[in-house]
Amino acid sequence: MCPLVLELSRRSGIESEVCLTSQHRELLSGVTDLFGVKADYDLDLMRSRQTLGDIFCGVLRGMEDVLRQSRPDAVLVHGDTSTSCAAALAAFYAQIPVGHVEAGLRTYRRYFPFPEEMNRRLTADLADFHFAPTARSAQNLRAEGIREHIYVTGNTALDALRTTVSPGYVFSERALRDPALFSGRTVLLTAHRRENIPEGIASICRAVKRLCAACDDLHVIFPVHPNPAVREIVRPLLTDVPGVTLTEPLGTLDMHNLLARCTLVLTDSGGLQEEGPALGVPVLVLRGETERPEALEAGGVRLAGTEESGIFHAAMRLLGSEDERRQMASAPSPYGDGHTSEKIADILTAQLCSGEAAG
């Protein structure tokens, strides 16, 4: 959302305020510092091993107080998090219009991903403006009975890549400054989905261990999510495995520039399915489904599942065929041209000034 915050700040007649939940401060501070975004409100929700109910209720109560103070003309939420769903509900209770950025993504399997699939469906019902990244996501919304204020804008995640990736970039993470990591083939790995805990992530780790044993020039870099449940699985399986480098979560600049230098991405994340194709890096999705089928159809993304054998063979197929890897790398990105924030700001300005916000 940072590119959109900055774009709104450049518009005369618009005052944009930012509310953070601070569930993961260690992931957040580098992003806000990078973009120069200052928080007007901080819900300070970081708690050890809190439940989804704890998060949802904390956001709902916190946003009620924020909205009473701010009294905004609209509330913008992003994607499929419990934060977005709870904030949208708080705005609905206050009868404040909601704009949903990255709207309309669907797997139509309510527990995959969990809880994201239901979060985004519920947010769609609460939203007044729907900023869909693709025509397919817009069609999903129409099929669910939403008829008005659907806009195909692309995804704001790609806006950031225009300014963050640099050929001469020097990594902040000391471990990534080792040139040996990029002397052969480099794989970026991320895994943190709730539905993959514990069995899926354990299978992913075992598959990566097999890959490194089979390819002596392979370097797998794994920024490990701060969720203790993830770390308790990953560290016993991959610590000190030759070819595997475990790091703390990376800042945006480090992550984008690492991605740009990789041969392949293995991930259960959503954002990397967009960023990888935009940078010409093939992506294997470590799930059985994806809410981003456009990337599958374009050819830059493939599903590998969560079974050890399936992940291993899918990765070996790409690592063993330079032609096939290049074909995936050259697939077009279906998620916009990097100017999504401008489009959303234009639409918001026109709609709010025309008084067509509520309802």
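Numbers for residues simply follow the sequence, beginning at 1. Reckoned from all heavy atoms, side chains included, excluding hydrogens, waters and symmetry mates.
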Glu195 bridged to Arg109 by N-O distance under 4.0 Å: no
Which side-chain N or O atoms in residues 237-247 pair as donor and acceptor under 3.5 Å with protein atoms at least two apart or in another chain?
from	atom 1	to	atom 2	distance (Å)
Thr239	OG1	Arg235	O	2.7

Between NE2 on residue His192 and CZ on residue Arg231, distance to nearest 0.5 Å: 13.0 Å
Exceeds 12 heavy-atom contacts within 6.0 angstrom, atom CZ of Arg317: no
Over 12 foreign heavy atoms within 6.0 Å of CZ, Arg10: yes
Other cluster members, Leu52 - Ile/Leu/Val/Met/Phe/Trp/Tyr, side-chain contacts below 4.5 Å: Tyr111, Phe112, Phe114
Beyond-backbone contact of Met316 with Arg210, side-chain heavy atoms, under 4.5 angstrom: no
Interatomic distance, Glu7 atom CD to Asp346 atom CG [nearest 0.5 angstrom]: 7.5 Å
Approximate separation, where rounding is to 0.5 Å, of Asp80 CG and Glu117 CD: 8.5 Å
Atom CD of Glu64 with >12 non-hydrogen neighbours under 6.0 angstrom: yes
Closest non-hydrogen atom pair, Met46 against Ser22: CB-O, 3.3 Å
Exceeds 12 heavy-atom contacts within 6.0 angstrom, atom NZ of Lys209: no
Residues Asp217 and Arg185 bridged, charged N to O under 4.0 Å: yes
Salt bridge (charged side-chain N to carboxylate O under 4.0 Å, His left out) partners of Arg177, counting only residues at least two apart: none
